[in-house]
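Predicted model, so just to flag it, every value in this text is computed and none were measured.
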Amino acid sequence: GNSVTQMEGPVTLSEEAFLTINCTYTATGYPSLFWYVQYPGEGLQLLLKATKADDKGSNKGFEATYRKETTSFHLEKGSVQVSDSAVYFCALSEGQAGTALIFGKGTTLSVSS
Amino acid sequence: KAGVTQTPRYLIKTRGQQVTLSCSPISGHRSVSWYQQTPGQGLQFLFEYFSETQRNKGNFPGRFSGRQFSNSRSEMNVSTLELGDSALYLCASQSGGRNEKLFFGSGTQLSVL
């Protein structure tokens with residue numbers, strides 16, 4: 001079946017460092033890909049998405065490119081802030097209308113000043 | 001616009017009991033999905049309802065069931081609770097279109113003793 005694998009954390013960075021969180025997927029067909037973020041004490045929020053190969057999703061300085069040839073959707077940010085500390089989930093869509101999401105296990109990011 | 005509301009926030013039950021969780025989606029959203037979040041398994045898709053019909057279903061036993069009412073509010077029921085059902089249960093709503101953004105509630109934390 002479809003699955004998502006993302007790098008295990010925690011990832012600990014200093015403010016203004018470069019961030020990469022790796023995500024690879026296994027899927028039949030052409031799913032859409034997502035990054036969701038969960039801040040402490042809050043529900044999940046969509047960070048960015050890409051719906052087809054070579055699409056780049058971006059939001060709040062974060063970017064990820066849908067790479068069909070490597071089945072990857074790595075999350076990057078050039079300069080992280082303390083406020084980026086959260087748990088990040090990579091996900092793909094499946095099912096009718098693409099409304100069922102398969103999530104990775106999540107990567108905890110901790111940024112210190 | 002009010003967000004996704006889940007009740008109750010916390011719940012403690014004993015093995016063998018049953019439980020019902022409630023979710024009120026964002027006004028105008030016709031799709032409601034349920035997810036189980038545990039430290040070991042991460043986020044797993046339970047099922048999705050759209051216009052009172054189950055549209056997608058994850059790989060959970062029949063003890064887990066749900067329904068959706070005409071006002072799009074949804075309930076999830078777990079019968080014959082097991083210790084392993086202890087988890088954060090998240091509800092998400094969306095308008096129902098393909099690959100639309102999911103809006104998550106804060107969840108119901110269920111503890112089974």
Can you confirm whether A/Gln81 is buried at CD, in the sense that more than 12 heavy atoms of other residues, nucleotides or ligands lie under 6.0 Å from that atom? yes
Per-residue tally against chain B (heavy atom, under 4.5 Å) across A/Gly1, A/Ser32, A/Pro31 peaks at A/Ser32
Please check if A/Val11 and A/Leu75 belong to a single hydrophobic cluster, counting links between Ile, Leu, Val, Met, Phe, Trp and Tyr side chain heavy atoms closer than 4.5 Å. yes
What pairs of residues pass the side-chain hydrogen bond (donor to acceptor under 3.5 Å, both in side chains) test when at least one of them lies in residues 103-113 of chain B, not counting sequence neighbours? none
Answer with side chain, backbone, both or neither: which region of B/Phe103 has an atom nearer than 4.5 Å to a non-hydrogen atom of chain A? neither
Cut-off 4.5 Å, heavy atoms of chain A, and the answer for B/Gln41 is backbone
Nearest 0.5 Å please: distance from the CZ atom of B/Phe45 over to the CG atom of A/Leu101. 8.0 Å
Please state whether the side chain, the backbone, both or neither of B/Leu90 comes within less than 4.5 Å of a heavy atom of chain A. side chain
side-chain hydrogen bond (donor to acceptor under 3.5 Å, both in side chains): which pairs involve residues 74-87 of chain B, sequence neighbours left out? B/Thr20-B/Asn77, B/Trp34-B/Ser74, B/Arg63-B/Asp85, B/Arg67-B/Glu75, B/Arg73-B/Glu75
Does CG belonging to B/Asn71 count more than 12 external heavy atoms closer than 6.0 Å? yes
Using side-chain contact (heavy atoms from CB on, under 4.5 Å) as the criterion, list what pairs up with B/Thr7, not counting sequence neighbours. B/Thr5, B/Ser22
Would a single hydrophobic cluster contain both B/Val32 and B/Phe64, if residues Ile, Leu, Val, Met, Phe, Trp and Tyr are joined by side-chain heavy-atom contacts under 4.5 Å? yes
Checking an interface table here. Which of residues 33-63 of chain A come within a heavy-atom distance under 4.5 Å of chain B? A/Phe34, A/Tyr36, A/Gln38, A/Gly43, A/Leu44, A/Leu46, A/Lys49, A/Thr51
Flag yes if more than 12 heavy atoms outside A/Glu16 fall under 6.0 Å of its CD atom; otherwise flag no. no
